[in-house]
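Everything quoted here is computed from the prediction, not taken from an experiment.
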Amino acid sequence: MYLITVFGNLLIILAVSSDSHLHTPMYFFLSNLSFADICFTSTTIPKMLWNIQTHSKGMTYEGCIIQMQFFLLFGGLDVLLLTVMAYDRYVAICHPLHYTVIMSPRLCGLLVLSSYIVSFLYSLLQSLMVVQLSFCTNNEIPHFFCETSQVALLACSDTFICDMVMYFAGALIGGGSFTCLLYSYSQIVSSVCGISSAQGKYKALSTCASHLSVLSLFYCSALGVYTASADTHSSHSSAITSVMYTVVTPMLNPFIYSLRNNDIKGALKILFTKETIKEIIDLVLKNCC
């Protein structure tokens with residue numbers, strides 16, 4: 001599943017970068033989302049696979065903090081990129097005549113850069129809050145990765161300030177993104193209802209179908225993780241939801257976008273033609289020599 005996740009998202013990035021027809025804001029955001037998914041999965045799964053292979057469940061304190069920071073970084077980046085993609089769909093459907101002017105390359109670059117900066121600051125803040133806590137003995141977390149709230153529950157010191165900062169930062173990122181998503185899609189639904197023809201409505205909604213599917217999958221699995229985290233006695237359900245959140249969702253994203261998207265399928269066909277493969281091999285051999 002990990003290899004499928006990495007390979008599938010890597011194919012999306014290669015398809016978008018190799019086909020000039022896909023050099024548009026929507027696919028630019030999609031390729032960044034695929035990159036974030038690869039990194040998001042890679043923060044947890046390799047360690048889990050190593051633990052399975054060595055029959056060990058251990059992780060050092062330093063390793064836990066590092067994993068937590070990168071997990072929050074790329075998890076937050078996923079949330080922000082999905083929000084940016086919703087804004088892109090809002091502009092495309094509600095302001096189609098001004099789309100190329102509004103979604104300029106400069107704005108797209110700024111939106112992605114801002115997402116990286118905000119998610120980095122968010123992960124840094126959360127990690128610094130956990131570092132301030134003290135832990136007395138060896139502890140066990142009911143996830144296969146270092147989930148922030150579960151780690152904080154195991155602290156021996158007072159966690160009130162830490163909890164307040166973490167919940168405030170999480171509410172700011174999650175709540176702000178969710179509000180933007182609701183606004184974007186409420187405007188999209190309002191615009192679609194104003195279209196007279198059924199074919200026009202279907203065409204407008206079909207451009208949002210893949211994004212809505214990914215949104216539903218991501219937010220439902222994330223909600224499951226943090227709901228299960230609140231129940232300290234439900235270690236089995238916590239483990240299942242964490243697998244859904246970190247493994248299944250990033251693995252399904254490339255399939256959702258490629259199977260419902262003729263542009264991506266066309267780019268992948270071109271990518272796998274004999275001529276393209278030959279060019280890639282020639283380029284590799286030339287660089288090696």
Mark yes when over 12 heavy atoms from residues, nucleotides or ligands other than [X] sit less than 6.0 Å from its [atom1]; otherwise mark no.
{"X": "Tyr116", "atom1": "OH", "result": "yes"}
{"X": "Tyr99", "atom1": "OH", "result": "yes"}
{"X": "His21", "atom1": "NE2", "result": "no"}
{"X": "Phe168", "atom1": "CZ", "result": "no"}
{"X": "Ile161", "atom1": "CD1", "result": "no"}

Minimal non-hydrogen separation, [X] against [Y], with atom names:
{"X": "Pro250", "Y": "Asn9", "value": "O-ND2, 3.3 Å"}
{"X": "Leu22", "Y": "Ala15", "value": "CD1-O, 3.7 Å"}
{"X": "Ser123", "Y": "Leu73", "value": "CB-N, 3.4 Å"}
{"X": "Thr43", "Y": "Phe74", "value": "CG2-CD1, 4.1 Å"}
{"X": "Leu80", "Y": "Ser115", "value": "CD1-O, 3.4 Å"}
{"X": "Thr44", "Y": "Gln67", "value": "CA-NE2, 3.8 Å"}

Can Asp88 and Val84 be said to form a side-chain contact (heavy atoms from CB on, under 4.5 Å), step by step? CA-CA 6 Å; Asp88 174 70; Val84 168; 5.7 Å; no

Is there side-chain contact between [X] and [Y], with at least one heavy-atom pair below 4.5 Å?
{"X": "Tyr185", "Y": "Leu212", "answer": "yes"}
{"X": "Cys208", "Y": "Ile93", "answer": "yes"}
{"X": "Phe28", "Y": "Met103", "answer": "no"}
{"X": "Phe255", "Y": "Ile4", "answer": "yes"}
{"X": "Leu215", "Y": "Met85", "answer": "no"}
{"X": "Asp78", "Y": "Thr249", "answer": "no"}
{"X": "Arg89", "Y": "Phe29", "answer": "no"}
{"X": "Tyr2", "Y": "Pro46", "answer": "yes"}

Just by distance, do the side chain of [X] and the backbone of [Y] share a donor-acceptor pair under 3.5 Å?
{"X": "Ser186", "Y": "Tyr183", "answer": "yes"}
{"X": "Ser191", "Y": "Cys94", "answer": "no"}
{"X": "Thr159", "Y": "Cys162", "answer": "no"}

Parallel, tilted or perpendicular: which fits the ring planes of Tyr90 and Tyr87, with parallel below 30° and perpendicular above 60°? tilted

How far does [atom1] of [X] sit from [atom2] of [Y], to the nearest 0.5 angstrom?
{"X": "Leu49", "Y": "Thr54", "atom1": "CG", "atom2": "OG1", "result": "10.5 Å"}
{"X": "Ser127", "Y": "Ile65", "atom1": "OG", "atom2": "CD1", "result": "6.5 Å"}
{"X": "Leu81", "Y": "Leu33", "atom1": "CG", "atom2": "CG", "result": "6.0 Å"}
{"X": "Cys64", "Y": "Gln69", "atom1": "SG", "atom2": "CD", "result": "12.0 Å"}
{"X": "Phe71", "Y": "Thr148", "atom1": "CZ", "atom2": "OG1", "result": "7.5 Å"}
{"X": "Leu82", "Y": "Cys180", "atom1": "CG", "atom2": "SG", "result": "12.5 Å"}

Please assess Leu217 against Ile256 for the test side-chain contact (heavy atoms from CB on, under 4.5 Å), listing each intermediate value before the final yes or no. CA-CA 11 Å; Leu217 196 62; Ile256 292 171; 4.2 Å; yes

[X] and [Y]: same hydrophobic cluster, using ILVMFWY side-chain contacts below 4.5 Å?
{"X": "Leu172", "Y": "Met166", "result": "no"}
{"X": "Met59", "Y": "Ile52", "result": "no"}
{"X": "Leu10", "Y": "Val248", "result": "yes"}

For side-chain contact (heavy atoms from CB on, under 4.5 Å), just list the numbers for Thr41 and Val6, CA-CA rounded to whole Å, side-chain angles, deciding distance to a tenth of an Å, and then say yes or no. CA-CA 8 Å; Thr41 308; Val6 173; 5.9 Å; no

